[in-house]
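This report refers to the structure that appears directly beneath it.
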Amino acid sequence: MKERTYITTTLPYVNAEPHIGFAVEIIRADIIARYRRALGEEVFFNTGTDEHGQKIYQKALELGLEPQAYVDQLAEKFKAILKPLGISEDINFVRTTDPAHIASAQAFWRTCDQNGFIYKKNYQTKYCIGCELEKTDSELVNGKCPDHPNLAIELRDEENYFFKFPAFGDKLLALYKERPDFVIPAERQKEIKALVERGLQDFSISRLKTKMPWGIAVPTDPEHVMYVWFDALVNYISVLSWPCLARAESEGGPNDLDNFNHWWLETGGAIQYCGKDNLRQQTAMWQAMLMAAGLSPSKQIVIDGFITSGGQKMSKSLGNVINPLEVVEKYDTDALRYFVAGELAMFEDSDFTWERFHEAYNAKLANGLGNLVSRVMKMAENYLAGPVEITKKEFPADYVKFLSEFEIGKAVDIVWQKISTLDLKIQQTQPFKLIKENKEEAVKIVTELVQGVGEIAKMLEPIMSTTAEKINQAIANNKMPAPLFVRKD
RNA sequence: CGCGGGGUAGAGCACUGGUAGCUCGUCAGGCUCAUAACCUGAAGGUAGCGGGUUCGAUUCCCGCCUCCGCAACCA
């Protein structure tokens, strides 16, 4: 049977334009998706947009738009960013406002409900009279609204549906124990394990429709809508058409269950990329939700760090926001992909600044990769009778090892080590001199160099597919290509 | 005592109980196939601070300082 991989990003919340963090996450996931495809695996790659909830509702009201009209606009913007980022064209794009997703989320609710893990209870919200808004604990400072420290916070009762999270504490711990690489990197698994060990609390999964109508209707109660991320997390299986309503016999063909079996049960679930702010939701809450519905857990959760700029969180007020599309415009898609793959820390916070980007571009892409391809292919064009056929078609073992551990940066290092090796080989063997004295030997060396460049192209396919293709073309035509990356000052 | 991560050359990072490494940047030399690219060499760090264990610690333990993120009904 052909190996299969289901990999997905977190669905970004569309209360703002696409930002660099999402670009980084989806590029990494895309590299893994392309890599697995290159290994000959069948790959299902998913992304989309998370479109419900209070923030979006408010944003739409502010803009004087219907929520649906607002999210339609944003979803288009998120779709439009895929191509400039070089994302696989066969990626699935789900919107949480898609009718199929809504039906699936409702079925998921019903299933959890029928299994006894959802109940209704009174819930006290904290309300600031000054702001005329509900406040979360994290918004309060010393139990007071920071904007109205002289006013007492009022407690208001509200009925909410809750999810019986503590019922799954032991099962979650068993899952972490059984699968030490369930959460990547391991420190994050330690972190969530400690959190679960400290004890869980039920969490609210609905909102009163009268207060916040922009959500998926709770199927058992018309007065409530689902709390946004309860619905959003279900996307990972709604895209597989769970709950897989069997097709009528008269319609023939496989029923929808096959899709879920094919991509969830038989693959061992999705590999889910997410930011570290999503640790709880994805590695604990979502897994508990799956258990509540009687489904098997995800395969792996890969936790990214945050992208900072100048050591600080990007924010409009600081003016340090880096727009991924601007990077692509000023440099290009593969330059951005290189930077994401090779220069940023995989699992920790790391800094994205124009200065760093510019230096890395010149040093690694223009001087390193681009220049090597030019010098080798120039000699090949001049000295060789015809194109070299690349014989090595496998990825190196350490490259494979690193990518299987999602260590994209280390895999990139292997490529650049290879570039250095070839540059050094040219210096040491000097085929450009040798050609005048010992043509046969020079031809042999240049052929080896082209082989080496071919291996580099192979390793670059998942990371920078356009560049890899340009190199392969140059080899096939035995011609020096136009500079792959023009040096910028 | 809430949880987690970090503090190592100008910058970004790595390894390690026993002369501290890599990439980028800087400086000098070499080469000329190549995108003033490439190769070689050099300068540059008392490894946040203090204490402990040890024959010996950057590496293990304790304390402190400091930076970052999280702190569950915000997504």
Side-chain angles (χ1 to χ4, degrees), chain A residues 10-16 50 52-56 123-126 134-139 158 160-163 165 185 187-188 190-192 194-195 197-198 200-207 227-230 232-233 275-281 284-285 303 305-306 308 311-313 342-345 347-351 353 355-356 358-360 362-383 409-410 413 416-417 419-420 422-435 442 445-446 449 480 482-489:
Chain A
T10 303
L11 304 193
Y13 197 63
V14 295
N15 65 340
D50 179 3
H52 291 118
Q54 188 168 4
K55 281 194 179 174
I56 286 168
Y123 160 63
Q124 286 193 319
T125 62
K126 291 168 181 147
E134 281 179 17
K135 295 285 171 177
T136 64
D137 283 340
S138 54
E139 284 172 320
E158 174 181 331
N160 267 197
Y161 285 94
F162 277 73
F163 179 80
F165 196 23
E187 300 89 76
R188 295 287 171 214
K190 239 174 75 186
E191 187 177 345
I192 193 65
L195 186 136
E197 278 170 346
R198 262 176 268 136
L200 303 173
Q201 289 174 25
D202 295 342
F203 55 81
S204 164
I205 56 173
S206 76
R207 287 289 179 277
Y227 183 47
V228 55
W229 55 258
F230 188 89
L233 287 167
K276 66 181 183 181
D277 53 342
N278 248 275
L279 180 71
R280 275 187 189 79
Q281 284 89 324
M285 293 172 173
I303 313 283
F306 286 158
T308 56
Q312 291 177 293
K313 224 170 173 173
E343 299 287 331
L344 296 178
F347 307 117
E348 286 172 35
D349 292 359
S350 52
D351 218 39
T353 60
E355 290 74 17
R356 271 192 78 186
H358 186 262
E359 279 192 1
N362 278 337
K364 301 296 182 66
L365 295 178
N367 300 352
L369 175 61
N371 182 57
L372 175 73
V373 171
S374 291
R375 64 196 303 211
V376 169
M377 290 316 299
K378 179 67 174 183
M379 288 189 282
E381 182 181 335
N382 289 346
Y383 310 159
K410 291 183 180 170
D413 285 344
W416 262 261
Q417 279 162 20
I419 290 170
S420 290
L422 295 182
D423 271 329
L424 182 57
K425 179 169 177 160
I426 295 171
Q427 184 64 28
Q428 286 173 339
T429 59
Q430 307 208 324
F432 45 87
K433 272 186 186 165
L434 200 59
I435 190 73
I445 289 167
V446 171
L449 290 169
M480 181 174 81
L484 297 177
F485 299 95
V486 179
R487 196 183 157 81
K488 294 183 196 281
D489 292 308

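- In this structure, A:W229 and A:F203 have tilted ring planes: the angle between them lies in the 30° to 60° band.
- With a cut-off of 3.5 Å on both Watson-Crick or G-U wobble distances, the partner of B:U40 is given as B:A28.
- For the C1' atoms, the distance from B:A37 to B:C31 is 12 Å, rounded to whole Å.
- Comparing the C1' positions of B:U8 and B:C15 gives a spacing of 11 Å, expressed to the nearest Å.
- Within 4.0 Å (heavy atoms only), A:Q430 reaches sugar-phosphate atoms of the nucleic acid but no base atom.
- Atom CG of A:L424 is separated from atom C1' of B:U23 by 16 Å (rounded to the nearest Å).
- Looking at heavy-atom distances under 4.0 Å, A:G53 makes no contact with the nucleic acid at all.
- No engagement by A:L372 is indicated, since no non-hydrogen atom pair under 4.0 Å with the nucleic acid exists.
- Going from atom CD1 of A:I426 over to atom CZ of A:R375 covers 4.0 Å, rounded to the nearest 0.5 Å.
- Here, B:G10 and B:G45 have their C1' atoms 11 Å apart, quoted to the whole Å.
- Base contact: A:I426 has a heavy atom under 4.0 Å from a base atom.
- When the C1' atom is compared between B:G50 and B:U46, the two are found 15 Å apart, to the nearest whole Å.
- Annotation: B:U40 and B:G25 have their P atoms spaced 14 Å apart (nearest Å).
- Within the 4.0 angstrom heavy-atom criterion, no nucleotide atom of any strand lies near A:F203.
- Contact annotation for A:K276: backbone-only contact, meaning every heavy-atom pair under 4.0 Å involves sugar-phosphate atoms and none involves a base.
- Seen from the ring of A:Y13, A:K55 does not count as a face-on cation partner, given the 6.0 Å and 45° thresholds.
- In this structure, CG of A:L369 is placed 14 Å from C1' of B:C38, rounded to the nearest angstrom.
- Looking at every heavy atom in both residues, A:D202 comes nearest to A:F165 through OD1-N, 3.5 Å.
- Look at A:K190 and you won't find any side-chain N or O under 4.0 angstrom from OP1 or OP2 of B:G4.
- In this model, no donor atom of one side chain and acceptor atom of the other lie less than 3.5 Å apart for A:N278 and A:T10.
- Checking B:C38, B:A72, B:U32 against every side-chain atom of A:K433, the shortest atom distance belongs to B:U32.
- Across the C1' atoms, B:G6 and B:U58 are found 15 Å apart, a figure rounded to whole Å.
- Nearest to the side chain of A:R188, among B:G4, B:U23, B:C33, sits B:G4.
- Going from atom NE2 of A:H358 over to atom P of B:U23 covers 21 Å, rounded to whole Å.
- Atom-to-atom, CG of A:D351 to P of B:G69 comes out at 12 Å; the value is rounded to the nearest Å.
- Rounding to whole angstrom units, CG of residue A:L365 and P of B:C38 are separated by 12 Å.
- Here A:A366 lies in heavy-atom contact (under 4.0 Å) with a base.
- Atom pair A:D349:CG and B:C70:C1' shows a separation of 11 Å (rounding to whole Å applied).
- Remark: A:E191 does not engage A:K276 in a salt bridge, criterion side-chain N to carboxylate O under 4.0 Å.
- Under the Watson-Crick or G-U wobble criterion, with both distances below 3.5 Å, B:G2 is paired with B:C70.
- Within the 4.0 Å cut-off from OP1 or OP2 of B:A37, at least one side-chain nitrogen or oxygen of A:R487 is found.
- Note: CG (A:L484) to P (B:U35) measures 12 Å, nearest angstrom.
- Within the nucleic acid shown, A:D413 has no heavy atom closer than 4.0 Å to any nucleic acid atom.
- Remark: the separation of the P atoms in B:C64 and B:G2 is 11 Å, to the nearest Å.
- Between A:I192 atom CD1 and B:G4 atom C1' the separation is 11 Å, expressed in whole Å.
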